[in-house]
Amino acid sequence: MTDAARERLAAEQAEVVRALVAQGPLPLGFHEARFHAFARSLVNKRRQALARAWPSLIRVIGKSYPETFTSYAEAHPLPEGASTLADGREFLRWLAALGPPSDAARLEAFAFDMRWKPTALGLCRRGGFAVKLLKLRETPTLVIAARLPWMGERWLRVPLGKMAKATGAPAKSG
Amino acid sequence: MFSSSQLGLGIGWRGPLAKAIQRRTDLGFVEIVADDFFLADHIPQALLDLHERGVHIVPHGIGLSLGGADPIDPRRVESLAHLAQQVQAPLVSEHLAFCRAGGLETGHLLPLPRTRDMLDLLVANIRQVEAELPVPLALENIATLVDWPGNEMDEAAFLTDMLDRTEALLLLDIENVYANARNLGGDPIAFLEKLPLDRVAYVHVAGGYEAGGLFHDTHAHAIPREVFDLLEELCCRAAVPGAMLERDDQFPGEAELNAELDGIAEAMQRGQARRAAGEFLHHALAAEELP
């Protein structure tokens with residue numbers, strides 16, 4: 001095929017994708033109602049996939065999850081790599097930009113960042129030694145998460161101003 | 001060509017179904033979502049156990065975007081080839097679709113415009129991928145709620161031309177055939193009869209539901225009666241090497257899952273019995289007599 005034909009196809013496909021996932025205009029000649037039904041089905045699919053893959057995040061968001069996620073997804077295409085958990089992480093970032101997130105939401109994001117690295121092929125589990133800190137506000141606490149060779153993850157919660165006391169990690173994000 | 005001529009009964013392997021799958025003793029193959037394993041550090045023990053028992057593992061890719069006008073990502077092809085070797089797959093499969101364009105991901109399978117230019121691009125992409133794979137590649141017809149304006153041919157002609165120009169096999173999703181016939185029009189049996197059915201590597205069977213006058217291919221609901229019937233009609237017309245259940249959400253209990261698998265096996269047997277009784281012999285003979 002000619003370069004011109006390939007470029008034309010690329011432009012047409014990009015127009016369809018923009019209309020489906022980035023609120024672009026309806027491409028010429030497509031059935032409008034069907035196209036919108038298709039776009040809605042893509043958002044539903046993302047919302048259901050996230051609810052399945054990251055249930056603890058959905059619990060943190062609570063009852064408003066369907067409408068909140070729909071507002072996010074209509075304006076934000078899937079991140080590169082099309083990973084559902086990475087979509088959840090972007091959703092948390094979007095929520096945090098709207099207003100101060102709860103400690104529970106910050107803990108979910110923290111646990112994700114501790115464990116996963118988004119790539120173009122999807123999520124890659126992080127390995128090797130790492131230590132991350134998070135200061136909770138609601139009940140002033142310092143959360144220390146460490147990944148240690150051979151021993152896996154260890155979490156420590158230190159009530160601020162009191163003696164250290166170890167507890168477990170939150171539920172696994174995927 | 002494809003050497004494992006009999007895959008038999010299969011199922012899409014999903015974590016929540018692992019126990020039920022392990023207990024089912026008549027499975028010839030399981031399909032795994034290849035992309036989920038590209039960055040994984042190991043193959044789950046439950047899959048290795050199935051492989052040990054002689055159950056074939058077929059990696060099924062979802063993100064190659066074979067019909068995309070952007071260049072194919074070589075890392076995805078390498079990962080698919082590597083996974084095929086890791087699980088000693090008899091073949092791998094992907095979709096006749098595109099997933100991304102203009103730097104945006106959809107996380108879904110989008111329909112291709114059925115034009116000669118699109119076919120040229122698709123065939124070039126398939127040949128490029130086939131050259132990198134250690135095993136045959138089967139390609140799946142997708143379900144869609146929308147069709148492109150300006151299609152130059154019907155879906156059967158598009159699939160047939162693609163198969164004529166490549167070594168690819170067909171992964172025939174009969175629920176998608178059913179869904180497209182309902183949503184876009186057309187006779188699903190006439191569609192099957194237009195395809196080179198000797199190129200079918202295996203068949204997908206799944207469920208969906210109707211809402212707002214459209215049939216949604218969800219893989220989360222029971223298989224409609226009409227889809228079982230379509231499988232029987234297919235097996236009556238061709239020797240189909242295998243058929244499998246795809247269930248991706250709202251996982252049923254083991255009894256319900258087994259009933260769906262039994263339904264698939266029985267529909268295949270009914271079709272094969274009709275075929276053996278010579279019901280479509282005249283079709284085959286008529287085809288052979290053509291110049």
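Being a predicted model, the structure only gives us computed values, none of them experimental. Chain identifiers are assigned alphabetically (A, B, ...) following the order of the sequence lines, protein sequences preceding nucleic acid strands; residue numbering begins at 1 within each chain.
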Quick check for you: to the nearest 0.5 Å, what is the distance between [X] atom [atom1] and [Y] atom [atom2]?
{"X": "Leu214(B)", "Y": "Phe38(A)", "atom1": "CG", "atom2": "CZ", "result": "11.5 Å"}
{"X": "Asp248(B)", "Y": "Gln48(A)", "atom1": "CG", "atom2": "CD", "result": "11.5 Å"}
{"X": "His76(A)", "Y": "Leu104(B)", "atom1": "NE2", "atom2": "CG", "result": "12.0 Å"}
{"X": "Arg40(A)", "Y": "Leu145(B)", "atom1": "CZ", "atom2": "CG", "result": "10.0 Å"}

Which atoms of [X] are under 4.5 Å from chain B, going by heavy atoms: the side chain, the backbone, both sets, or neither?
{"X": "Leu78(A)", "value": "both"}
{"X": "Thr2(A)", "value": "neither"}
{"X": "Arg8(A)", "value": "side chain"}
{"X": "Glu7(A)", "value": "neither"}
{"X": "Ala120(A)", "value": "both"}

Does Val17(A) reach the side chain of Arg100(B), with side-chain heavy atoms less than 4.5 Å apart?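 No, their side chains stay 4.5 Å or more apart.
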A side-chain contact here means heavy atoms from C-beta on lying under 4.5 Å apart; do Met118(B) and Leu9(A) qualify? yes
For the residue pair Ala82(A) and Gly107(B), what are the closest heavy atoms and their distance?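 For Ala82(A) versus Gly107(B), the nearest heavy atoms are CB-CA, 4.2 Å.
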What pair of heavy atoms forms the shortest contact from His108(B) to Leu42(A), and how long is it?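 Reported closest heavy-atom pair: CG-CD2, 3.1 Å.
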Let me know if [X] has heavy atoms under 4.5 Å from chain A in its side chain, its backbone, both or neither.
{"X": "Thr115(B)", "answer": "neither"}
{"X": "Pro16(B)", "answer": "neither"}
{"X": "Asn183(B)", "answer": "both"}
{"X": "Ile62(B)", "answer": "neither"}

Between the side chain of Arg6(A) and the main-chain N/O of Ala69(B), is any donor-acceptor distance below 3.5 Å? yes
Donor-acceptor contact below 3.5 Å, side chain Gln13(A) vs main chain Phe98(B): no
Test Leu39(B) against Arg125(A) for side-chain contact (heavy atoms from CB on, under 4.5 Å), laying out the working first. CA-CA 8 Å; Leu39(B) 298 170; Arg125(A) 192 173 269 282; over 6 Å; no
If the threshold is 4.0 Å, N to carboxylate O, is there a salt bridge linking Arg52(A) and Asp249(B)?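 Yes, charged N to carboxylate O under 4.0 Å.
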Name, in order of residue number, those residues of residues 19-34 of chain A that have a heavy atom at a distance of less than 4.5 Å from a heavy atom in chain B; otherwise write 'none'. Leu20(A), Val21(A), Ala22(A), Leu28(A), Gly29(A), Phe30(A), Arg34(A)
